[in-house]
Protein chains: 2
Amino acid sequence: MRSISEQSTPARIRDAAIRAFARDGYQATIRAIAAEAGVAPGLVIHHFGSKDDLRELCDAHVTTLLLDEKTQGAATIASIADHFVGEDSPPLIDYVRRMLNSDSPAATALFDRLTEATRRMLRDQQAAGRIREDVDVEALAPLLTLYGLAPVAMPALLARATGRETVDATALEAASAAMLPLLSGGLYGDTSQ
Amino acid sequence: MRSISEQSTPARIRDAAIRAFARDGYQATIRAIAAEAGVAPGLVIHHFGSKDDLRELCDAHVTTLLLDEKTQGAATIASIADHFVGEDSPPLIDYVRRMLNSDSPAATALFDRLTEATRRMLRDQQAAGRIREDVDVEALAPLLTLYGLAPVAMPALLARATGRETVDATALEAASAAMLPLLSGGLYGDTSQ
DNA sequence: CTTCGGATTGAACGCATGTTTAAACTATAG
DNA sequence: CTATAGTTTAAACATGCGTTCAATCCGAAG
């Protein structure tokens with residue numbers, strides 16, 4: 001009764017849960033998730049065991065989407081923004097926002113991966129001579145990653161800071177575009193290089 | 001039966017609510033708040049009307065504590081950290097963290113006040129010649145404020161980034177201390193000035 | 001002392017939640 | 001066709017929640 005192009009019922013429930021968690025946080029009710037997936041509440045438990053198990057699976061799935069799909073070595077924060085454009089898939093930016101504020105293991109795991117990518121980028125820049133030799137890029141990487149996540153963690157404040165109504169991928173890119181040259185050249189130093 | 005030095009029952013409930021919200025988020029139950037304040041659950045409603053009203057009052061109170069008490073013109077992010085040292089008062093850092101991730105009006109209000117302070121600081125720095133004249137400090141202020149809030153919004157990631165177990169005021173200061181000179185001098189420009 | 005209004009309590013109410021359960025449905029294998 | 005195992009549903013269950021309510025306590029006013 002289900003064509004091959006459609007996804008399986010567990011996958012549909014999983015995506016509905018990701019949308020619901022992104023929209024309403026973990027307070028999203030199982031009944032709401034079930035309704036969004038077009039199934040009975042009991043079926044959610046039957047397939048995933050419990051709400052906590054469902055959440056862990058959603059965390060893992062979103063992390064996989066963000067890291068494995070297109071970021072083989074380029075998992076910068078900017079690359080994450082690309083995932084927030086398509087409306088077909090769940091709105092991952094809001095889900096990541098919830099993750100970043102939940103102290104879940106998935107959040108630190110994602111942070112570690114992003115830090116690793118930032119560290120590689122900084123190494124390359126320093127090797128290319130665009131970062132002074134006395135800068136400790138190893139210690140700087142996690143801090144820069146943390147600060148770079150601010151627009152993702154607080155999109156409402158980003159909208160206020162940039163005078164926009166909504167926050168989309170272009171807003172995230174604009175924020176990075178405004179900060180990166182300052183980091184590179186500094187507020188005082190020359191920008192010739 | 002209550003000495004003058006002790007605070008009134010509503011104030012005790014309010015502080016208990018701030019501690020509970022900071023610790024458990026808005027999911028903190030009225031029963032837990034009442035127990036922490038040493039009163040019956042019904043008394044919380046009697047004094048504050050509803051849980052939502054209590055939350056709004058807590059938001060306003062925390063904002064007042066942060067802005068009015070000691071930040072007459074110096075409400076920088078660093079100054080907020082000073083409020084997180086004393087264990088006598090509620091742990092405001094966690095409460096602010098919840099606020100920043102709640103899209104509440106109080107969050108944007110606090111952000112606006114912090115942005116204003118950042119703007120003043122940038123103007124002074126530019127007037128003193130420590131910021132190039134072509135830097136648009138008016139547009140930079142809200143962005144810098146947003147990024148500066150990252151350690152407050154994601155203390156667990158800050159701990160991971162700095163290799164610490166716990167996040168206290170010194171951790172926040174260390175993060176700022178590591179980033180500010182980079183912003184000033186840039187990753188490539190000289191740091192002579 | 002008596003009275004009266006607010007403070008306070010403990011119990012109850014109504015409701016939403018996550019989960020369980022038994023039954024009905026469906027597809028596949030023999 | 002029949003049997004069987006997995007899928008799905010609707011209803012019920014148990015619990016915790018915010019809130020209400022009637023009764024009690026207590027201090028100040030008369």
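The structure displayed is predicted, hence computed values, not measured ones. Residue numbers begin at 1 in each chain, while the letters A, B, ... track the order of the sequences.
The separation between A:Asp24 atom CG and C:dG18 atom P is 12 Å, rounded to whole Å. The CD1-P distance, from A:Ile30 to D:dC13, rounds to 20 Å in whole Å. Summarising the geometry, the separation between CG on B:Asp53 and P on D:dG18 is reported as 14 Å, rounded to the nearest angstrom. A:Arg55 places its CZ atom 13 Å from the P atom of C:dG18, with the value rounded to the nearest Å. For the pair B:Phe48 CZ and D:dT19 P, the computed distance is 13 Å after rounding to whole Å. In this entry the distance linking CG of A:Leu43 with P of C:dG18 reads 15 Å, nearest Å. Protein atom CD1 of A:Ile45 is 6 Å distant from nucleotide atom C1' of C:dT19, rounded to whole Å. In this structure, the CD atom of B:Gln27 is 13 Å from the P atom of C:dG18, given to the nearest Å.
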For A:Arg130 and A:Gln125, run side-chain hydrogen bond (donor to acceptor under 3.5 Å, both in side chains): C-alpha distance rounded to whole Å, both residues' side-chain angles, the deciding distance at 0.1 Å, then the answer. CA-CA 5 Å; A:Arg130 279 191 285 271; A:Gln125 296 289 314; 2.9 Å; yes
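Counting distance only, with no hydrogens placed and no angle test, the side-chain atoms of B:Arg31 and the base atoms of D:dG16 include no donor-acceptor pair under 3.5 Å.
Note on B:Thr9: every side-chain N or O is 4.0 Å or more away from OP1 and OP2 of C:dA7. Using a 4.0 Å cut-off, some side-chain N or O of A:Thr29 falls inside it from OP1 or OP2 of C:dG18. OP1 or OP2 of C:dT8 lies within a sub-4.0 Å distance of a side-chain N or O belonging to B:His47.
Put simply, the side chain of A:His47 does not reach to within 4.5 Å of the side chain of A:Val39, judged on heavy atoms. A:Asp94 has its side chain out of reach of A:Arg19: every pair of non-hydrogen atoms, C-beta onward, lies at least 4.5 Å apart.
A side-chain donor-acceptor contact under 3.5 Å links A:Gln126 to the backbone of A:Val135.
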